[in-house]
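Remarks on the structure that follows.
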Amino acid sequence: MNIAMISYWSCPLTKLGVATAGGMNVYVLNLAQALGELGHTVDIYTRVHLEGDDLQPTLHPNVSVVHLRSEHHDLYQDIEDFSDQMEEQVRRRQVHYDSVHAHYFYSGLVGLKMRERMEAPLFATFHTLGIMKKYYVGTVDHRRIKSESDIINGVDGIIASTELEKTDLIAWHHVPEGKIYTIHPGVDHHLFRPYDRHTARSILGLTEEKNIILFVGRIDPVKGIHLLIDAFAQLQAAASPELQATKLLLIGGDPANQEFWSAGEARQLRQQIHAAQLEDRVIFVGSQPHAQLAYYYAAADLVVMPSAYETFGFVALEAMACGACVLASRVGGLQYLIQDRINGRLFEPRNVDELASIMGELLVDGDQKDRLGQNAAASSYRFCWRKQAEKMLTVYQKFI
Ligand code: UDP
């Protein structure tokens, strides 16, 4: 099959964990590569993210990225222009697509335009929904919510990452059930696999540390990092020297860049750390590539994901695949990945006391931590990009 993916919001080759680049980039890249491995051709249409970049790099013999220029500051206006450029590229490449798959609502809007210009079925994965952000984070964007309704009405199929996302789509947007296909994303098991903790720590130069708690993700309010810092401060105030000898590493963002610190979230977190006098205990490590992250997950005693909401939660799955003990808030996809006390621990969202108490419990109970980590690694095998790609193909093929 020839498949076009639209990734307007963010190029899948962008540095992960910085600004808005995160799970969606990982999803698009891995799905495209898995489809390519299965012998299908995938072109990913996205915006130029770095001046001087190769405009049409090939990621795999069957997978290309097509960078298009974005000239408008108003993204809604830019969508028309992007669609024109995409149409021009499709004509030049003389390719007929059997399927068009749009990621996130901006791409969905491009997809709707392209649907009028190319004869191909259109699929959407939302990754996050405006209505869920309104509900869980309090960010209200009516134009986005309306756009998502238009996309829902205009596409042939919607791909949900979990049953919960499907339920939410039905409950909040009244999507007919038959229009939604639930297909779990995967994890790269070649990269994310259990490594020996001591080896991982010596590779990372972390041999001095007693306990390590790890956060990985975009430095964004939705991730709930402030809750983790509050809980960590409680742990530090505890009497036990065992618990006090703990460092919290925050991976994500670009701390070497002044702009990072002028953005709201990083600035507030830094003030919070300063007020709690935790500067020598809470470290902003900055974003790390996947190859390096695998060692961090293995080196950590606990990986904490205190998000207000997660549609899926790649970080939790990657950490589990590395045999880490994951502690996450009971929201969205995280409740699918983690079964409480079986392959990780869940806590009630925003409950700092509970988070601190479970962190304390796990840090002194090595057996529980190891058992949860081993079970996590075993359960991560349910999530595989190849299987996801095969399921995606059966959906695409239904509409040919
Ligand atoms: N990530 C990374 N380096 C970083 C921070 C994050 O590679 O410094 C990756 C992380 O490994 C995961 C993705 O970004 O694959 C984040 O996905 P997740 O679903 O956890 O969060 P989202 O960004 O979708 O909110």
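FYI, side chains are in, hydrogens and waters are out, and symmetry mates aren't considered; it's all heavy atoms of this structure. All values derive from a computational prediction rather than experimental measurement. Remember, it's 1-based here, ligands and their atoms both numbered in the order they're listed.
- I6 places none of its side-chain heavy atoms less than 4.5 Å from the side chain of H103.
- Remark: minimum distance from atom 1 (N) of ligand 1 to any protein heavy atom is reached at L16 CB, 3.8 Å.
- For atom 14 (O) of ligand 1, the nearest non-hydrogen atom of the protein is G22 CA, 3.7 Å.
- Ligand 1 has at least one atom lying under 4.0 Å from a heavy atom of K223.
- You'll find the side chain of L75 reaches within 4.5 Å of the side chain of W9, heavy atoms only.
- Proximity of the aromatic rings of F383 and H184 is defined here by a centroid distance below 6.0 angstrom, and this criterion is met.
- In this structure, H127 has no heavy atom closer than 4.0 Å to ligand 1.
- With sequence neighbours excluded, the residues that form a salt bridge (charged side-chain N to carboxylate O under 4.0 Å, His left out) with D43 are R93.
- Note: the hydrophobic cluster containing V304 does not contain L346 (ILVMFWY, side chain heavy atoms under 4.5 Å, direct or indirect links).
- Both tests do not hold together for R281 against F232: distance to the six-membered ring centre under 6.0 Å, angle to the ring axis within 45°.
- Crowding of Y135 atom OH: a count of heavy atoms from other residues, nucleotides or ligands under 6.0 Å not exceeding 12.
- Backbone and side-chain nitrogen or oxygen atoms of R218 are examined, and one is located within less than 3.5 angstrom of a nitrogen or oxygen of ligand 1.
- Taken from CD1 in I229 to CD in Q234, the straight-line distance is 13.5 Å, to the nearest 0.5 Å.
- Checked against the 6.0 Å centroid criterion, the rings of F399 and F123 qualify as a close aromatic pair.
- Partners of F105 by ring-ring contact (aromatic ring centres under 6.0 Å, His included), not counting sequence neighbours: none found.
- A ring pair (Phe, Tyr, Trp, His ring centres under 6.0 Å) with Y8 holds for exactly one of Y45, Y104, F82; it is F82.
- Atom 16 (C) of ligand 1 has G23 N, 3.4 Å as its closest protein atom, hydrogens excluded (heavy atom only).
- The local environment of NE2 in H290 is crowded, with over 12 non-hydrogen atoms from other residues, nucleotides or ligands closer than 6.0 Å.
- Heavy-atom proximity to I251, at under 4.0 Å, picks out these atoms of ligand 1: 8 (O).
- Of all protein heavy atoms, the one closest to atom 20 (O) of ligand 1 is V315 N, 3.1 Å.
- Short contacts between ligand 1 and S287, defined as distances under 4.0 Å to a heavy atom of the residue, involve ligand atoms 8 (O).
- Below 4.0 Å from some heavy atom of M305 lie the following atoms of ligand 1, by number and element: 20 (O).
- Contact atoms of ligand 1 toward G252: 8 (O) (distance under 4.0 Å to a heavy atom of the residue).
- Residue contacts with ligand 1, taken as heavy atom pairs separated by less than 4.0 Å, involve L293 solely via side-chain atoms from C-beta onward.
- Heavy-atom contacts of V216 reach the following atoms of ligand 1: 5 (C), 6 (C) (cutoff under 4.0 Å).
- Shortest contact from atom 11 (O) of ligand 1 to any protein heavy atom: E318 OE1, 2.6 Å.
- Of the heavy atoms in N25, none comes closer than 4.0 Å to ligand 1.
- Taking atom 3 (N) of ligand 1 as the reference point, the nearest protein heavy-atom neighbour is Q288 O, 2.7 Å.
- Atom 9 (C) of ligand 1 has its closest protein heavy atom at H290 NE2, 3.8 Å.
- Contacts of V26 with ligand 1, taken as heavy-atom pairs under 4.0 Å, involve the side chain alone.
- The single protein non-hydrogen atom nearest to atom 5 (C) of ligand 1 is G17 CA, 3.4 Å, given as residue, atom name and distance.
- Of the polar atoms of F314, at least one N or O is found under 3.5 Å from an N or O of ligand 1, judged by distance alone.
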